[in-house]
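Positions are given from 1 along the sequence.
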Amino acid sequence: MSSTPTPFNAATLDAWARAAAKSAPSGDVDALNWQTPDGISVKPLYTAEDIKDLPYTNTLPGFEPFIRGPQATMYAVRPWTIRQYAGFSTAEESNAFYRKALSAGGQGVSVAFDLATHRGYDSDHPRVTGDVGKAGVAIDSVEDMKILFDQIPLDVVSVSMTMNGAVLPVLAGYVVAAEEQGVSQEKLSGTIQNDVLKEFMVRNTYIYPPAPSMRIIGDIIEYTAQNMPKFNSISISGYHMQEAGANQALELAFTLADGKEYVKTALGKGLDVDGFAGRLSFFWAVGMNFYLEVAKMRAARLLWCRIMKGFDAKNPKSLMLRTHCQTSGWSLTEQDPYNNIVRTTIEAMAAVFGGTQSLHTNSFDEAIALPTEFSARIARNTQLIIQEETHITSVIDPWAGSYMMEKLTQDMADAAWTIIEEVEAMGGMVKAVDSGWAKLKIEAAAAEKQARIDSGKDVIVGVNKYKLKTEDAIESRDIDNVAVRDGQIERLKVIRSRRDAAQVQIALDAITFAAENNSGNLLDLSIKAMRLRATVGEVSDALEKVYGRHRADTQKVSGVYAAAYDSAEGWETLKSEINAFAETEGRRPRVMISKLGQDGHDRGAKVVATAFADLGFDVDMGPLFQTPEECARQAIENDVHAVGVSTLAAGHKTLVPAIIEELKKQGADDIIVFVGGVIPRQDYDMLYEAGVKGIYGPGTPIPASAKDVLEQIRAALK
C-alpha cells in the first residue's frame, strides 16, 4: 500500500501554518519562532523557499568560500586532532599527564599556564603568592620548559600554547627547549595563542597596553614566517568571549574583527599577505546552542574568505579559516555534575559538524576543580568514540543542503557582518577595545543571560529545574600551592646561581633598547635571552620598563539584569527590603566586588555587580589583580559593609583567608566577606572557619545570594 505525498506549494504551506497556529500558545505561528540571543529568529519549519536566493548553497568543501570546510575531504580522510588542554602544579606533573594522554589516544599537547606565568611574573614575586601552580603549570625558565616536554618528541607532536601576555618569553622558552632536545625551529608545529586584543575585552591576562602589545604580535608573526614555517603564529580566539558572556554573533564578529587588525599589523611590518596568512588560525567556544554553533563555524569560513579577499590575498590557504574548538567551560554545572558529560558530548558533536580542525573536550568536574585523571579520560574518550564508533567522519559537512542550516548560516553571517561594519566605523577593533565599547557589549550579554537563568526562562537541568534533593560528593584534584611555589623558588635560585649574570643582563638590556627604539625583533631577542637562562619575569620586566603595565577601567553595565529578570514579585520584594535598610541605616547597603591575585576572569564579578546595583545596593568594583592588602585598604576607604570575592582560579584557599586577616589587621573586622565562584565543597568548612559569611557556587541565583548578603550585613550591624 502506498500513499501520494502532499505536494509542496504556497497553498500547502499556508495550510501548515493554519494547522500549526492552532497549537501555538497565542494562536500565531510566529509564536513558535525561537528568538536567539543574537537577534536571529529561528523558525520551526524551513523549506526550499528559505534558501532559493542564497548565493552559497551549491559550494564544495575545500573551495571558496569554504563554508563546507577548508579541506576537500575533511574527516573522510583525516579526522580532527584530539587535544587535551591541561597544565597544573609543576612541570613534572603536567609532563606526566601529557605523556599519559598521548599514549591513550591524544594527538597533540595543549598547555595551560598558571596565572603568574600569564602575567609575566616569576614564581617568587610577592604579587603571585596564591596563584603559582593553580589553574595551570608554573613556568619560570627554559629549565621548566625542558621538563614540561621531556620525552615528548617536539618534531612529531604539535604543541598548542594558550599564552598572550607573556607570549615572548614563553614562546622563546619553548623554542630553546626544543633546540636542546635536538629539534630545530623549522620542524616545530603547533600554535601560540598570541591574541591580546581579546584579553583587553574578556580574559584580562594582558601585561602591556594595546599599542605595544600589537607590536609584539607583529614581531612574532614576522619571526615565525621567516624561521618556523610549520608553526601557527597566532590563534585568534573567540572562546574566551563566549565564556565571558558573548552570544555567538558577538563572538564571531569580534573574533574576525580582531583577525583583521592582526593582518593589518603584519602588513605594517612589510610582510606579504600570502607569506603569513595561511598560518593564522582561530579558536571557538562551542556551547549548548547546538544549531547556532554549527552555523557560526560555517559562517566564520564564509566571512573570513570575504575579509581576506579584501586584503587582496591570492593563495587559497590565505582565504581559508582553520580552527581549534573547545567545549564550553561556562556551561558546566557544579550541581548534578555528571550531566556535564552529556553537555560536553553535545558540544563536541556541534564542533565536529561545524568542521573543526582540532578539539578539546572539557572534563565534567571543571566547574568544581581541576580535572582528575578519571574525568579527563572520559573527556578524551568522548572524542575517540565520535571518531571511531559513529561513522560521523565518513560524510563531509552532512548539514549541507539543510534548509534550516543554510538559512541559519546566512543569518549568522549577516548578524556578525553588521557588527563588524559597526566596528570598522569606529576605526577598527583596537579603538573598539580601547574605548571599552566591545567589553561592555559582552558584559551586557552576560548579565542578560544570567538573568534569564535566574528567573527560570532558560532551563539548566539540575540547576534551576529537575534539581536533586541531595548532591553526592565528587572527588576533585587539589594543588598544594605553597609546596609548588616553594619548589619553583628553589629552582629559580639554582638557575640564577649557575648562569652568567652579566651576559643575561646584556641580553635583557637589548630587549629594552629594542622596545624603546622600535628596532629589532622582540622574539628573536627574547630567544637569545632565554638561551642564557633569563627568566619569564625578567624578560617581561625588560619590556615593562618601556611599556608599563596596562590597567583596565572597572566600568559596569546597568539595568540589563533587571530588564531581563522576569520573576517580578521576588525581585520587587528584595528591592523593598533594601530600601527599608536604607531608611533605617541612613544609607544603602554597600558592597565591594573584588578579584584577588592574578585571576582576570571577571564575568561573574561583573554580572554580580550589575545585578546587585540593579537591586539597589551601592556597588564598588575593585580593580583587577589586587593583593589582599590593597583590597582591604580600598574596602575601608570606601566604607563598605561587605567584600565579595569572585574566584575561578583555585586561589581561594590562600587569598580569601588573607583578605579576612588583612581586614582584622587594619581594624575593620566588622566588614563581612562573602565568596562566589568555582570552589570545591570540601573547601567550604575551611573558608567558614576562616570567617567567610557566605559561599555562592556556580548556579546560585543572584537574588538569593543578594538576599543572604543583606541579611549578613544586618546581622553584623546589630
Side-chain angles (χ1 to χ4, degrees), residues 36-38 66-71 74-75 80-83 85 108 110 160 162 164 191-195 197-199 201-203 232 234-260 262 280-305 307 320-332 343-362 383 386 397 399 405 408-409 412-413 415-417 419-420 429 438 442 445 603:
T36 77
D38 316 72
F66 306 104
I67 290 176
R68 300 193 64 187
Q71 285 94 32
M74 289 300 289
Y75 309 143
W80 65 93
T81 300
I82 297 173
R83 294 192 184 277
Y85 177 58
S110 188
S160 171
T162 299
N164 304 280
T191 305
I192 189 85
Q193 191 163 101
N194 194 26
D195 173 10
L197 284 177
K198 161 263 303 173
E199 298 296 324
M201 281 186 276
V202 290
R203 194 163 170 260
N232 297 321
I234 189 166
S235 172
I236 306 154
S237 173
Y239 181 86
H240 305 96
M241 296 182 200
Q242 188 179 137
E243 290 290 280
N247 57 44
Q248 281 76 13
L250 271 179
E251 178 195 6
L252 176 56
F254 285 172
T255 306
L256 296 183
D258 282 352
K260 287 185 72 173
Y262 298 138
L280 305 179
S281 68
F282 288 79
F283 175 25
W284 305 116
V286 184
M288 286 297 288
N289 276 334
F290 184 86
Y291 295 139
L292 292 186
E293 294 294 2
V294 178
K296 177 187 77 181
M297 294 171 67
R298 299 174 91 246
R301 292 190 290 269
L302 166 65
L303 295 182
W304 187 244
C305 183
I307 287 168
M320 63 176 67
L321 181 149
R322 295 158 304 108
T323 193
H324 171 69
C325 287
Q326 181 174 339
T327 60
S328 174
W330 184 83
S331 71
L332 304 179
R343 292 185 179 102
T344 295
T345 303
I346 291 167
E347 292 165 353
M349 296 276 282
V352 169
F353 284 136
T356 191
Q357 278 60 70
S358 68
L359 177 62
H360 165 84
T361 33
N362 286 332
Q383 293 195 56
I386 294 171
D397 189 23
W399 286 96
M405 187 53 69
L408 191 54
T409 297
M412 181 63 68
W417 194 252
I419 299 169
I420 291 171
M429 203 62 192
I442 293 173
R603 173 181 182 159

Checking Asp258 against Met241 for the side chain to side chain contact (heavy atoms under 4.5 Å, CB included) test, could you report, in this order, the C-alpha distance in whole Å, the side-chain angles of both residues, the deciding distance, and whether it holds?
CA-CA 12 Å; Asp258 282 352; Met241 296 182 200; 3.4 Å; yes
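- Contact annotation: the side chain of Trp399 never approaches that of Ile67 to less than 4.5 Å [non-hydrogen atoms, C-beta and beyond].
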Run the side chain to side chain contact (heavy atoms under 4.5 Å, CB included) test on His240 and Asp195 for me, step by step, so that the C-alpha distance in whole Å, both residues' side-chain angles and the decisive distance to 0.1 Å come before the verdict.
CA-CA 11 Å; His240 305 96; Asp195 173 10; over 6 Å; no
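- Between Phe283 and Tyr239, the ring planes are parallel. Angles under 30° get that label, and only those over 60° would be called perpendicular.
- In terms of modelled atom types and a separation under 3.5 Å, the side chain of Asn194 and the main chain of Asn164 share no donor-acceptor contact.
- Residue Glu251 holds its CD atom at 9.5 Å from CG of Leu256, rounded to the nearest 0.5 Å.
- Contact check for Thr345 versus Thr327: no side-chain heavy atoms found under the 4.5 Å cut-off.
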Would you please test Trp304 and Thr255 for side chain to side chain contact (heavy atoms under 4.5 Å, CB included) and show each step?
CA-CA 10 Å; Trp304 187 244; Thr255 306; over 6 Å; no
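- With sequence neighbours left out, Glu243 forms a salt bridge (Lys or Arg N to Asp or Glu O under 4.0 Å) with no residue at all.
- Here the shortest heavy-atom pairing between Ser281 and Asn232 reads OG-CB, 4.3 Å.
- Between Leu280 and Tyr262, the closest side-chain pair of non-hydrogen atoms is not below 4.5 Å.
- The minimum heavy-atom distance linking Ser328 with Leu332 is given by the pair O-CG, 3.6 Å.
- Pairs of residues two or more places apart, or lying in two chains, never qualify as salt bridge (charged side-chain N to carboxylate O under 4.0 Å, His left out) while including a residue from residues 348-358.
- Across all their heavy atoms, Leu359 and Ala351 have their closest contact at CD1-CB, 3.8 Å.
- When side chains are defined from C-beta on, Gln193 counts as touching Ser237, because their heavy atoms get closer than 4.5 Å.
- Environment of OH in Tyr291: sparse, with no more than 12 heavy atoms of neighbouring residues, nucleotides or ligands closer than 6.0 Å.
- Side-chain contact between Thr36 and Asn289: absent, with no pair of heavy atoms (C-beta onward) separated by less than 4.5 Å.
- For Ala350, the side chain to side chain contact (heavy atoms under 4.5 Å, CB included) partners are Val286, Phe290, Glu293, Val294, not counting sequence neighbours.
- Side-chain atoms of Arg203 and Thr162, non-hydrogen and from C-beta on, do get closer than 4.5 Å to each other.
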Take Trp80 and Gln383, measure what side chain to side chain donor-acceptor pair (under 3.5 Å) needs, and give me the verdict at the end.
CA-CA 9 Å; Trp80 65 93; Gln383 293 195 56; 2.8 Å; yes
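- The nearest pair of heavy atoms linking Met297 to Cys325 is CE-SG, 3.4 Å.
- With sequence neighbours excluded, the residues that form a side chain to side chain contact (heavy atoms under 4.5 Å, CB included) with Ala249 are Asp38, Asn247, Met412, Ala415, Ile419.
- Here Pro70 pairs with Met74, Arg301, Met320, Arg322, Gln357 under the side chain to side chain contact (heavy atoms under 4.5 Å, CB included) rule; sequence neighbours left out.
- Residues passing the side chain to side chain donor-acceptor pair (under 3.5 Å) test with Thr409, sequence neighbours excluded: Arg298.
- Contact of the Arg83 side chain with the Ser160 side chain is registered, since non-hydrogen atoms from C-beta on lie closer than 4.5 Å.
- Scanning for salt bridge (Lys or Arg N to Asp or Glu O under 4.0 Å) contacts around Arg343 gives an empty result, with sequence neighbours left out.
- Applying the salt bridge (charged side-chain N to carboxylate O under 4.0 Å, His left out) definition to pairs two or more places apart or across chains, none involves residues 281-291.
- Looking at residues two or more places apart in sequence or on another chain, you find a side chain to side chain donor-acceptor pair (under 3.5 Å) between Thr323 and Trp284.
- Contact check for Phe66 versus Leu321: no side-chain heavy atoms found under the 4.5 Å cut-off.
- For Ala257, the side chain to side chain contact (heavy atoms under 4.5 Å, CB included) partners are Val423, Met429, not counting sequence neighbours.
- The side chain to side chain donor-acceptor pair (under 3.5 Å) test applied to Arg603 returns no partner, not counting sequence neighbours.
- Legend: salt bridge (charged side-chain N to carboxylate O under 4.0 Å, His left out) pairs involving residues 345-362, not counting sequence neighbours: none detected.
- The minimum heavy-atom distance between Thr191 and Ser235, with the atom names listed, is CG2-CB, 3.4 Å.
- With rounding to the nearest 0.5 Å, the separation of CE in Met349 from CD1 in Ile386 is 6.0 Å.
- In terms of heavy-atom proximity, Ala295 sits nearest to Leu408 at CB-CG, 3.8 Å.
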